[in-house]
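No experiment lies behind these values; they were computed from the predicted model shown.
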Amino acid sequence: MFYGMLVPALSAIFIIIVGNKLLAGQVDRGSMAYLLTAPVRRLTVTLTQTLNFIGALVVTFGSMTVTSLLVNHYAEAGFAKKILVELNFGALAIAFAFAGIMFLASGVFNLSKLSLGTGGVLILAFILLAVIASFANYGVSGLDDV
């Protein structure tokens, strides 16, 4: 349950907040205009923000992987190390997908409210659809043998 719903939901909160402040937040505050008055191209600013965002996610999920492996070892929980690493890698892949959506919305829209309204709502809709799908019964109950 932790990797099914809680990790994507918690990482989505981080991604929505930080992703909104990357480009659209700087345009709102006026700091993007200040940055672009210097001899720095917009591509350089965007790539720097992208690498910072990716680095933050990698550090977050890397520390979560190390922590889960240490707790598994010292608590003698008995989980396979390979499965824990694969679960954390899958959660990182989902976080990258969410981060891509939010970064795209932050880059397309000049206002942070539009960026938040588009990217944040899309991410929350995907999480809500995953929650609804977790309660679904994929079989047809009327065709079961009695």
Side-chain angles (χ1 to χ4, degrees), residues 1-140:
M1 186 67 186
F2 179 69
Y3 287 99
M5 285 289 97
L6 195 58
V7 170
L10 290 176
S11 64
I13 293 169
F14 171 75
I15 288 167
I16 289 171
I17 291 170
V18 172
N20 187 38
K21 293 181 180 182
L22 287 177
L23 298 174
Q26 287 185 359
V27 171
D28 275 352
R29 287 190 315 263
S31 59
M32 183 65 80
Y34 179 73
L35 280 173
L36 294 178
T37 58
V40 178
R41 296 185 347 214
R42 185 179 271 262
L43 179 66
T44 306
V45 173
T46 305
L47 286 177
T48 303
Q49 296 289 352
T50 305
L51 291 176
N52 186 12
F53 201 21
I54 289 172
L57 289 174
V58 167
V59 167
T60 300
F61 281 94
S63 65
M64 193 168 73
T65 302
V66 169
T67 303
S68 64
L69 288 173
L70 286 173
V71 168
N72 182 43
H73 177 71
Y74 288 116
E76 298 176 1
F79 294 113
K81 293 176 185 174
K82 181 182 178 195
I83 291 177
L84 284 174
V85 171
E86 288 174 353
L87 282 172
N88 284 308
F89 184 74
L92 177 64
I94 290 171
F96 277 158
F98 287 163
I101 291 169
M102 198 63 211
F103 193 79
L104 175 70
S106 182
V108 168
F109 298 107
N110 284 337
L111 299 174
S112 63
K113 65 181 180 181
L114 295 176
S115 167
L116 187 63
T118 304
V121 167
L122 272 173
I123 291 172
L124 292 177
F126 288 141
I127 290 176
L128 183 64
L129 288 173
V131 168
I132 292 170
S134 69
F135 293 116
N137 184 6
Y138 294 109
V140 179

Please round to the nearest 0.5 Å and tell me the distance separating atom CZ of F89 and atom CG of L87.
-> 12.5 Å
Nearest non-hydrogen partners of I127 and A9, listed with the distance | CD1-CA, 3.9 Å
May I have the step-by-step check of side-chain contact (heavy atoms from CB on, under 4.5 Å) for F61 and V7, ending in yes or no?
-> CA-CA 10 Å; F61 281 94; V7 170; 3.7 Å; yes
Output the distance between atom CG (L22) and atom CZ (F103), rounded to the nearest 0.5 Å.
-> 6.0 Å
Interatomic spacing from CZ in F14 to OG1 in T60 - rounded to 0.5 Å = 5.0 Å
Donor-acceptor contact below 3.5 Å, side chain T48 vs main chain T44 | yes
Contact summary for S68 and L84, nearest pair of heavy atoms = O-CD1, 3.9 Å
With T65 as partner, the option from L70, L92, V85 fulfilling side-chain contact (heavy atoms from CB on, under 4.5 Å) is V85
Could you pull out the closest heavy-atom pair between L57 and A99, with the gap in Å?
-> CD1-CB, 3.7 Å
With sequence neighbours left out, which residue pairs that include part of residues 33-52 fulfil the salt bridge (Lys or Arg N to Asp or Glu O under 4.0 Å) condition?
-> none
Would you confirm whether S106, through its side chain, and M102, through its main-chain N or O, come within 3.5 Å as a donor-acceptor pair?
-> no
How many angstroms lie between CD1 in I54 and CD in Q49, if you round to the nearest 0.5 Å?
-> 12.0 Å
Hey, mind stepping through F53 and I15 against side-chain contact (heavy atoms from CB on, under 4.5 Å) and telling me if it holds?
-> CA-CA 9 Å; F53 201 21; I15 288 167; 3.9 Å; yes
Roughly how far, to the nearest 0.5 Å, is the CG atom of L116 from the CD1 atom of I123?
-> 9.5 Å
Which value, rounded to the nearest 0.5 Å, describes the distance between L47 atom CG and N52 atom CG?
-> 12.5 Å
Evaluate the side-chain contact (heavy atoms from CB on, under 4.5 Å) criterion for residues F98 and I16: first the C-alpha distance (whole Å), next the side-chain angles of each, then the deciding distance (0.1 Å), finally the verdict.
-> CA-CA 8 Å; F98 287 163; I16 289 171; over 6 Å; no
Evaluate side-chain contact (heavy atoms from CB on, under 4.5 Å) for S11 paired with I94, printing each intermediate quantity in order.
-> CA-CA 9 Å; S11 64; I94 290 171; 5.8 Å; no
